[in-house]
Amino acid sequence: MVILMGLFENSNNMRELVRAVSKELKVDRNEAELVIAALMDRPRFELYMKSTLEEDEKTILWSRVMQLKNGMPIEYITKRVQFQDSTLRILPGVFIPRVETEYFVEMIQKIVPQRPERILEIGTGCGAISIALAHLYPEAKILATDISGRAIENACHNVRELRLESRVSLLQGNLYESIRGEFDLIVSNPPYVPHARMGQLPRSVREFEPLTAIDGGERGVQFIEKLIAQGMDHLREKGLMAVEIDEESVKLLRKFLTSQNMASFFFRKDSYNKYRFLFIGASHEES
Ligand code: SAM
Ligand code: GLN
């Protein structure tokens, strides 16, 4: 296989490699060093310690630089993502957890001070929310599901790696099919982007991430409506459902919840002051 390495071709010296990456990606030296450190999984300060690269290291690094240049999210290249205190494995084809979802978990912690015993997550992706909740609520048993086999495979890896198998179980399935019993907390970050807005997502999302994880159908709330309606059969009397939502769906969801005669629900804002989280539960007042 011939890989064209441009400026990279004749150099195995780290200084020159940094210069080549900086030119190729049109970033300054600082950023080039950060990118190389991340792509090689080395602390940045070590880059110049062993300042010549082996030929195969160089080939791998360059092919990764090219993937980055083509818009692939860095998480898919390094196969790693940070979610709160955990470094998780992320496989291409599985939705990359977002920072607003870390905020969602913090919000859940504030709103659910009591210790839920049984938690259900619908659409777990790489397992980020369930793993964070397992750390927050050390006595809880968590069941996490996803329709995607690849997501379940990814989440299984993370759960095993973090030694949470005895508390986090995984199940592949569509919504609540195969789910039995009731839960104190049902959590989901579902697909919620209205179909018409899918084209406006960044190219790296549109071209590399699984669109079934994001596309919420024509009105954006199709999935959430089913999630809520079917979820009521699985919620304990004083249980709570927590859902990450799109900021433009608040009106539609309020209408839907009212039409379902659901009296206790409330919306919460994210750190950008946008309503992004919906909580439904018998023990909570609407606000
Ligand atoms: N929970 C992860 C997070 O917050 O990063 C992933 C959220 S991602 C936005 C939505 C997830 O829901 C995807 O992993 C997708 O495969 C899953 N999903 C989509 N449709 C589903 C369905 N009908 N039943 C179960 N999961 C579904
Ligand atoms: N906020 C996500 C994005 O920008 C969408 C997440 C979702 O649909 N749950 O891609």
Side-chain angles (χ1 to χ4, degrees), residues 71 73 75-76 80-84 86 88-108 119-134 142-156 158-159 168 170-179 185-231 234 242-249 253 270-272 274-278:
E75 292 88 345
Y76 286 155
R80 273 195 321 274
V81 66
Q82 188 70 29
F83 191 83
Q84 295 197 332
S86 304
L88 304 174
R89 187 170 174 79
I90 182 85
L91 299 175
V94 179
F95 182 83
I96 302 169
R98 307 290 203 260
V99 70
E100 58 263 36
T101 306
E102 295 184 86
Y103 194 82
F104 179 42
V105 171
E106 279 179 34
M107 184 69 73
I108 292 173
I119 301 176
L120 171 65
E121 186 194 1
I122 301 286
T124 193
C126 73
I129 297 179
S130 285
I131 287 168
L133 293 176
I142 302 174
L143 176 56
T145 77
D146 205 291
I147 200 165
S148 147
R150 183 123 174 111
I152 291 295
E153 178 196 338
N154 193 160
C156 269
N158 285 323
V159 165
V168 181
L170 292 148
L171 196 63
Q172 185 180 355
N174 180 3
L175 272 164
Y176 300 90
E177 80 177 14
S178 335
I179 305 286
L185 180 60
I186 299 178
V187 183
S188 186
N189 170 17
Y192 58 62
V193 174
H195 190 71
R197 263 189 26 228
M198 290 294 291
Q200 294 164 25
L201 293 173
R203 189 171 75 92
S204 64
V205 175
R206 278 185 282 120
E207 289 185 6
F208 292 94
E209 295 209 55
L211 302 182
T212 47
I214 302 172
D215 192 337
E218 204 185 325
R219 295 175 305 130
V221 293
Q222 245 122 306
F223 190 91
I224 300 187
E225 290 180 351
K226 283 194 223 153
L227 180 84
I228 296 172
Q230 297 175 24
H234 295 281
V243 188
E244 186 177 309
I245 61 163
D246 184 73
E247 61 185 272
E248 290 177 14
S249 295
L253 287 172
D270 66 6
S271 49
Y272 300 98
K274 307 249 192 262
Y275 282 107
R276 292 295 308 278
F277 312 116
L278 164 63

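Counting starts at 1 for both ligands and their atoms, in listed order.
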Is there a side-chain contact between [X] and [Y] (heavy atoms, below 4.5 Å)?
X: Ser130; Y: Leu133; result: no
X: Pro210; Y: Val94; result: no
X: Ile179; Y: Leu171; result: yes

- Query: Checking side chain to side chain contact (heavy atoms under 4.5 Å, CB included) against Ile129, which of Thr124, Val187, Ile119, Ile142 comes through?
  - Reply: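 The single option meeting the side chain to side chain contact (heavy atoms under 4.5 Å, CB included) with Ile129 is Val187.
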Tell me the protein heavy atom at minimum distance from [atom], and give that distance in Å.
atom: atom 14 (O) of ligand 1; value: Asp146 OD2, 2.6 Å
atom: atom 2 (C) of ligand 1; value: Thr124 O, 3.3 Å
atom: atom 1 (N) of ligand 1; value: Gly123 O, 2.9 Å
atom: atom 4 (O) of ligand 1; value: Asn189 ND2, 2.9 Å
atom: atom 27 (C) of ligand 1; value: Ile147 CG2, 3.6 Å
atom: atom 24 (N) of ligand 1; value: Leu175 N, 2.9 Å
atom: atom 9 (C) of ligand 1; value: Ala213 O, 3.1 Å
atom: atom 22 (C) of ligand 1; value: Phe223 CE1, 3.3 Å

Is the closest heavy-atom distance from [X] to ligand 1 below 4.0 Å?
X: Ile214; answer: no
X: Tyr192; answer: no
X: Ile129; answer: yes
X: Gly173; answer: yes
X: Pro191; answer: yes

- Answer yes if the side chains of Ser188 and Glu244 hold a donor-acceptor pair under 3.5 Å, and no otherwise.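 Per modelled atom types, Ser188 and Glu244 side chains form no pair under 3.5 Å.
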- Message: If only side-chain N and O atoms count, and only distance matters, is there a donor-acceptor pair under 3.5 Å linking Tyr192 with Arg276?
- Response: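 Tyr192 and Arg276 do have a side-chain donor-acceptor pair below 3.5 Å.
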Quick check on contacts: which atoms of ligand 1 are under 4.0 angstrom from a heavy atom of [X]?
X: Glu121; value: 1 (N)
X: Asn174; value: 22 (C), 23 (N), 24 (N)
X: Thr101; value: 4 (O)
X: Thr212; value: 19 (C)

- Task: Give the contacting part of Glu244 toward ligand 2: side chain, backbone, both or neither, where contact means a heavy-atom distance below 4.0 Å.
- Result: neither
- Min heavy-atom dist Pro190 to ligand 2 below 4.0 Å: yes
- Are any of the heavy atoms in Glu100 under 4.0 Å away from ligand 2?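 Yes, that is the case, since the closest heavy atom of the residue is under 4.0 Å from the ligand.
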- Message: Using a 3.5 Å distance criterion without hydrogens, assess whether the side chain of Ser148 forms a donor-acceptor pair with backbone atoms of Ala151.
- Response: yes
- If you draw a 6.0 Å radius around OH in Tyr176, do more than 12 non-hydrogen atoms from other residues or ligands fall strictly inside? yes
- How far does CD of Glu121 sit from CD1 of Ile131, to the nearest 0.5 angstrom?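 If I round to the nearest 0.5 Å, the distance is 9.5 Å.
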- How long is the gap from CG on Asp215 to CD on Gln222, to the nearest 0.5 Å?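 Rounded to the nearest 0.5 Å, the CG-CD separation comes to 9.0 Å.
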- Query: Would you say Tyr192 and ligand 2 have an N/O pair spaced under 3.5 Å apart?
  - Reply: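 There is such a contact, yes.
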- Item | Heteroatom distance test (Arg276, ligand 2): nitrogen or oxygen, under 3.5 angstrom |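 Checking ligand 2 against Arg276, no N or O pair falls under 3.5 Å apart.
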